[in-house]
Every structure is written in structure tokens, then in C-alpha cells.
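I have placed the structure first, in the form of C-alpha cells, so that the comments after it can refer back to it.
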Amino acid sequence: MEFSNTASFQFSKAGNVFRNLLERKMAEIGLHSGQVFVLMELWKIDGQRQIDLASRLRLSPPTVNKILGGLIGADFVTRGRYEDDARSTRIYLTQKGIDVREQVERQWVELEELVLGELTETERLVLFQLLEKIIGGG
């Protein structure tokens, strides 16, 4: 079997290309690629529990804990207690975490063009639908 002739091999290569470009784009604003996905979840719903973030991101809790350590150290997020449940630690955006959103969105648009710039609108739509199907709709 020639692995380079499989869809899985090409998918893996595409993933590596994307991840490397994402790392470069996010490094320009002081973030790592994994941190961006945590911030995206918090921009949707601030004050989430760490376990809920891990579930939404499909990552292990220790992985999310490590990512949060970097975000806390860089002052993008903070840990706090939720007023209704003193036992539950929540993750909250800091002002810096809120303010960086515009830069991330700008970099994301540039990344999208770098990766998909050669595709037609129809090809982009088909690719999006295929990716949704592969990951199970999120």
C-alpha cells in the first residue's frame, strides 16, 4: 500500500500545513494555536468550567489545564469562583482576553485566505461540508 495515495495521508498533511500556518499567525499576536480555541470558546460563553471547556474542545482536562496555565500567565484569562457555586472554579476572560479577539479574527481571515485562496466558492463550500461530516458536525 502506498500511504501517500490515501485520503488519510493527504488529510494529515493538510492538517500539518494548517497547524503550522496557524502557529505562525497566532505567534504574531503572542498566542499559541491551542490557546486560540480556548479563547474562542470563552468568547462564546465566558465563565465556563474547565471540564466543560475540555469537553467542548474534545481535549483531555490535563491538556486544557496546560493551555490555561499559559493563558493565565499571559493575562488572557483568570480563574475565579462562580457566585452560585463556591466549589466550582470558572475560567473568565480578562480585558486583554477580550481585546485580543479583533486581532485573532483578523489573523484568522488572513489564514483562511492563505489556505483556501486558490479554491472557488463552490470548492470551499464542499470542503466545509466534508470537514463537518468527518468531524461529526462538531
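- Residues Ile98 and Val100 are members of one and the same hydrophobic cluster, defined by side-chain heavy-atom contacts under 4.5 angstrom among Ile, Leu, Val, Met, Phe, Trp and Tyr.
- Between Leu42 and Tyr92 the shortest side-chain heavy-atom distance does not fall below 4.5 Å.
- With respect to Glu110 and Arg106, no salt bridge is recorded, no charged nitrogen being found less than 4.0 Å from a carboxylate O.
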Side chain to side chain contact (heavy atoms under 4.5 Å, CB included), that's the test. Do Leu131 and Phe11 meet it? Break it down for me.
CA-CA 10 Å; Leu131 290 171; Phe11 188 70; 3.5 Å; yes
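- Annotation for Leu116 and Arg124: closest pair O-NH2, 3.0 Å, computed over non-hydrogen atoms.
- Proximity of Leu31 to Leu71: side-chain heavy atoms (C-beta onward) are separated by under 4.5 Å at one or more points.
- In terms of modelled atom types and a separation under 3.5 Å, the side chain of Thr63 and the main chain of Leu59 share no donor-acceptor contact.
- A salt bridge is defined here as a Lys NZ or Arg NE, NH1 or NH2 lying under 4.0 Å from an Asp or Glu carboxylate O, and Lys25 with Glu113 fails to meet this definition.
- Atom CZ of Phe128 has 12 or fewer neighbouring heavy atoms from other residues, nucleotides or ligands inside a 6.0 Å radius.
- Between the side chains of Thr89 and Arg49, no donor-acceptor pair is found at a separation under 3.5 Å.
- In summary, the side chains of Asp52 and Gln48 do not present any donor paired with an acceptor at a separation below 3.5 Å, with no hydrogens or angles considered.
- If you chain together hydrophobic residues whose side chains sit under 4.5 Å apart, Ile134 and Phe18 fall into the same group.
- Closest heavy-atom contact between Gly47 and Arg90: O-CD, 3.0 Å.
- Residues Val64 and Gln50 come closest through the heavy atom pair CG1-CG, 3.9 Å.
- Taking each heavy atom of Arg58 and Ile135 in turn, the nearest pair found is NH1-O, 2.9 Å.
- Using a 4.5 Å cut-off on side-chain heavy atoms (C-beta onward), Phe37 and Leu22 make contact.
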Show your working on side chain to side chain contact (heavy atoms under 4.5 Å, CB included) between Leu68 and Arg79 and close with a plain yes or no.
CA-CA 9 Å; Leu68 288 172; Arg79 281 191 174 97; 4.2 Å; yes
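- Annotation for Glu102: atom CD does not count as buried by contact number, only 12 or fewer foreign heavy atoms lying within 6.0 Å.
- By the 6.0 Å contact criterion, NZ on Lys96 is enclosed, its count of non-hydrogen atoms from other residues, nucleotides or ligands being greater than 12.
- Using a 4.5 Å heavy-atom threshold, the side chains of Val36 and Gln107 count as separate.
- Leu21 and Val109 fall into different hydrophobic clusters, where Ile, Leu, Val, Met, Phe, Trp and Tyr side chains are chained together by heavy-atom contacts under 4.5 Å.
- In this structure a side-chain-to-backbone donor-acceptor pair under 3.5 Å is missing from Ser33 to Arg19.
- Residues Leu127 and Leu111 share a hydrophobic cluster, clusters being chains of Ile/Leu/Val/Met/Phe/Trp/Tyr side chains in contact below 4.5 Å.
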Verdict with reasoning, Val38 to Ile91, per side chain to side chain contact (heavy atoms under 4.5 Å, CB included)
CA-CA 10 Å; Val38 170; Ile91 307 302; 5.6 Å; no
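- By the 4.5 Å heavy-atom criterion applied to side chains, Arg101 and Leu39 are not counted as neighbours.
- Hydrophobic cluster membership differs between Leu130 and Phe9, with clusters built from Ile, Leu, Val, Met, Phe, Trp and Tyr side chains linked at under 4.5 angstrom.
- Proximity of Met26 to Gln35: side-chain heavy atoms (C-beta onward) are nowhere separated by under 4.5 Å.
- Leu93 CG to Trp43 CH2: the interatomic distance, rounded to the nearest 0.5 Å, is 8.0 Å.
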